[in-house]
There are 2 protein chains.
Amino acid sequence: MAPDITPRQAAVLNFIAECIDEHGYPPTIQEIGQRFGIASTNGVFDHLKTLERKGFIERSSKARSIRLTPKAAAGLTRRHADALPLVGRVAAGYPLLAVENIEEYIRVAPRLARRNAFCLRVTGDSMIDAHILEGDIIVVDRDRPPATKDIVVALVEDEATVKYYYPQDEMVELRPANAAMSPMFFPAEQVQLQGVVISLQRDLDAHSPIPR
Amino acid sequence: MAPDITPRQAAVLNFIAECIDEHGYPPTIQEIGQRFGIASTNGVFDHLKTLERKGFIERSSKARSIRLTPKAAAGLTRRHADALPLVGRVAAGYPLLAVENIEEYIRVAPRLARRNAFCLRVTGDSMIDAHILEGDIIVVDRDRPPATKDIVVALVEDEATVKYYYPQDEMVELRPANAAMSPMFFPAEQVQLQGVVISLQRDLDAHSPIPR
DNA sequence: TGGGTTGCTGAATTTTTGTTCAGTATACTC
DNA sequence: GAGTATACTGAACAAAAATTCAGCAACCCA
């Protein structure tokens with residue numbers, strides 16, 4: 001049996017997931033065709049039959065009756081369902097968002113999920129004076145250009161760090177929000193900015209039952 | 001204007017939400033009609049027009065194109081839309097969650113939306129030493145019994161306040177997390193506990209474009 | 001007592017959507 | 001070099017679904 005998916009099929013599957021995310025209901029066959037420039041509804045129909053045969057979707061003969069199966073997640077390149085990747089321990093040499101670095105997917109408010117963003121669990125108390133605590137989950141926007149005084153996530157020597165951002169001529173100052181710690185200075189080329197912290201979620205409810 | 005919903009309309013709204021939950025896509029007009037024994041599609045159509053006029057759903061002329069708005073949560077007996085009410089200025093004499101007190105519905109992580117909870121925007125800096133800032137949105141669980149040292153929302157003289165909770169024999173101490181402020185003591189019967197703060201969301205991104 | 005809202009019936013009509021059939025071209029594989 | 005999967009075109013057709021129109025009955029409100 002072939003559990004494989006072709007690039008074209010994956011694109012169709014992704015589009016279906018996007019539609020559900022965005023509109024709340026699946027696309028019609030003609031809507032899929034429009035998106036991919038497939039003139040004949042039968043071209044799309046073939047894709048759907050194949051995706052169903054391979055177990056990625058379920059359908060019936062009714063309008064918009066496409067359903068994603070749990071297996072569909074395997075064929076999706078984009079995350080689904082209002083989730084952002086939680087980056088865990090950062091593995092040396094890998095890009096921050098490499099699969100190896102992703103611990104899990106965290107469900108966040110849709111407003112945040114629509115961004116090109118990721119989540120990071122804060123370790124240490126270097127930002128405590130900015131009221132960001134150990135264990136807080138921060139949401140980091142990768143598309144937002146960092147401005148002076150922004151709180152950023154930077155990669156220095158393969159370690160991710162959260163600090164205030166103060167760029168200088170050839171150097172970058174990363175300033176903690178903790179009176180007990182000193183600012184750090186690096187040559188600009190040694191600092192890889194990953195994004196700007198746009199939101200924060202804290203769980204005060206440590207001893208709560210685990211949600212489904 | 002009537003932001004109200006009749007029992008019949010609420011039943012229809014609930015059925016729509018159930019369908020989305022269960023099948024992954026909204027029902028058609030005829031499916032709704034079948035469920036409620038409404039013979040004419042126009043009977044259902046009237047309901048949909050009314051629900052749309054009242055802001056509970058959005059639709060287009062396409063098949064199954066019903067979408068629940070965040071407001072839909074108000075009409076639902078079960079919670080589907082991952083939204084919690086944001087309680088605004090507290091009106092004297094009204095229950096905290098009366099329609100008059102609800103400013104809007106905030107989309108939150110589904111884990112939180114499943115609770116019997118509401119959101120509150122923090123005013124003032126009485127909890128700043130607990131790293132809760134003015135403007136933060138806190139999520140308050142109404143079903144969680146408050147324990148000593150929990151951060152709670154309490155209603156005292158028709159004003160909602162966020163404080164540490166220290167119950168005593170006949171009195172309740174509400175303790176701020178701010179060295180510049182003093183604890184307050186009230187007879188237990190003057191304090192209406194609304195719930196325990198279980199989560200917090202902060203937007204650091206004040207000058208970002210408004211999400212759609 | 002008249003006007004508005006709610007909650008429908010019944011029928012006609014249009015639009016949207018899914019399905020089927022008959023082909024074509026390319027690539028892979030045995 | 002035959003056989004199979006992929007990825008389509010184009011046309012015709014059937015079905016599902018939405019929309020509109022013309023009513024009716026019950027209720028509340030003022």
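Proteins come first, then strands; the chains are lettered A, B, ... in the order of their sequence lines, and each starts at number 1. As a basis for the values below, the full set of heavy atoms in this structure was taken, side chains included, without hydrogen atoms, waters or symmetry mates. Remember, predicted model here, so these are calculated numbers, not experimental data.
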A.B. asks: Are A:E134 and A:R121 close enough for a salt bridge, meaning some N to O gap below 4.0 Å?
C.D. replies: no
A.B. asks: Using the side-chain heavy atoms of A:N42, tell me which of these nucleotides is nearest: D:dT19, D:dT6, D:dC8.
C.D. replies: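 Nearest to the side-chain atoms of A:N42, counting from C-beta on, is D:dC8.
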A.B. asks: State whether A:Y25 and B:R64 meet the cation-pi test: NZ (Lys) or CZ (Arg) under 6.0 Å from the six-membered ring centroid, and within 45° of the perpendicular axis.
C.D. replies: no
A.B. asks: Write down the distance between CD1 (B:I5) and P (C:dT5), rounded to a whole number of angstrom.
C.D. replies: 17 Å
A.B. asks: Report yes if at least one side-chain N or O of B:R53 is closer than 4.0 Å to OP1 or OP2 of C:dT5; otherwise report no.
C.D. replies: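 No, outside the criterion.
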A.B. asks: Has B:R8 got a side-chain N or O lying under 4.0 Å from the OP1 or OP2 atom of C:dT6?
C.D. replies: no
A.B. asks: I want to check one thing: is the phosphate of C:dT5, taken as OP1 and OP2, less than 4.0 Å away from some side-chain N or O of B:K49?
C.D. replies: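 The answer is no; no side-chain N or O of B:K49 sits under 4.0 Å from OP1 or OP2.
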A.B. asks: Rounding to a whole Å, what distance do you find between B:E52:CD and D:dT19:P?
C.D. replies: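 After rounding, the reported distance stands at 9 Å.
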A.B. asks: The side chain of A:F45 lies closest to which of these nucleotides: D:dT19, C:dT17, C:dT19?
C.D. replies: C:dT19
A.B. asks: What integer distance in Å separates B:Q34:CD from D:dA18:P?
C.D. replies: 12 Å
A.B. asks: Between D:dA18 atom C1' and A:K62 atom NZ, what is the distance in whole Å?
C.D. replies: 16 Å
A.B. asks: Of all the choices, C:dG7, D:dC8, D:dA17, which nucleotide is nearest to the side chain of A:I38 once you look at every atom?
C.D. replies: D:dC8
A.B. asks: Nearest nucleotide by nearest heavy atom, which residue falls closer to the 5' end of DNA chain D, B:S61 or B:D46?
C.D. replies: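 Nearest-nucleotide comparison on DNA chain D picks B:S61.
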A.B. asks: Would you kindly give the CG-to-C1' distance between B:L51 and C:dC8, to the nearest whole Å?
C.D. replies: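 Roughly 15 Å, once rounded to whole Å.
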A.B. asks: Specify the separation, in whole Å, of atom CD of A:E31 and atom P of C:dT15.
C.D. replies: 17 Å
A.B. asks: Tell me the interatomic distance from B:I32, atom CD1, to C:dC8, atom P, rounded to whole angstroms.
C.D. replies: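 My rounded result for the distance is 12 Å.
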A.B. asks: Using the side-chain heavy atoms of A:H47, tell me which of these nucleotides is nearest: C:dT16, C:dT9, D:dA7.
C.D. replies: D:dA7
A.B. asks: If you assign A:T6 and B:Q30 each to the DNA chain D nucleotide with the nearest heavy atom, which residue ends up on the more 5' nucleotide?
C.D. replies: A:T6
A.B. asks: For atom CD of B:E170, decide whether the heavy atoms of other residues, nucleotides or ligands shown that lie under 6.0 angstrom number more than 12.
C.D. replies: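 Incorrect, the count does not exceed 12.
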A.B. asks: Among the nucleotides D:dA18, C:dT20, D:dA17, which one has an atom lying closest to any side-chain atom of A:T41?
C.D. replies: C:dT20
A.B. asks: Considering only side-chain heavy atoms of A:S40, which listed nucleotide, D:dT9, D:dT6, C:dG18, is closest?
C.D. replies: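 Closest of the options to the side chain of A:S40: D:dT9.
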A.B. asks: Are B:R59 and D:dA18 close enough that a side-chain N or O sits under 4.0 Å from OP1 or OP2?
C.D. replies: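 Looking at the OP1 and OP2 atoms of D:dA18, neither is under 4.0 Å from any side-chain N or O of B:R59.
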A.B. asks: Look at the side chain of A:T50 and decide which nucleotide, out of C:dG7, D:dA17, D:dT6, has an atom nearest to it.
C.D. replies: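 Within the option list, the nearest is D:dT6.
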A.B. asks: How about B:T161 and B:K163: does a side-chain donor come under 3.5 Å of a side-chain acceptor?
C.D. replies: yes
A.B. asks: If you draw a 6.0 Å radius around CD in B:E189, do more than 12 non-hydrogen atoms from other residues or ligands fall strictly inside?
C.D. replies: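 Enclosed: over 12 neighbouring heavy atoms sit under 6.0 Å from CD of B:E189.
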A.B. asks: Without decimals, in angstroms, what is the distance between B:L13 CG and C:dT6 P?
C.D. replies: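 It is 15 Å, rounded to the nearest whole Å.
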A.B. asks: Run the side chain to side chain contact (heavy atoms under 4.5 Å, CB included) check on B:F185 and B:V172 step by step: do they pass?
C.D. replies: CA-CA 6 Å; B:F185 297 85; B:V172 171; over 6 Å; no
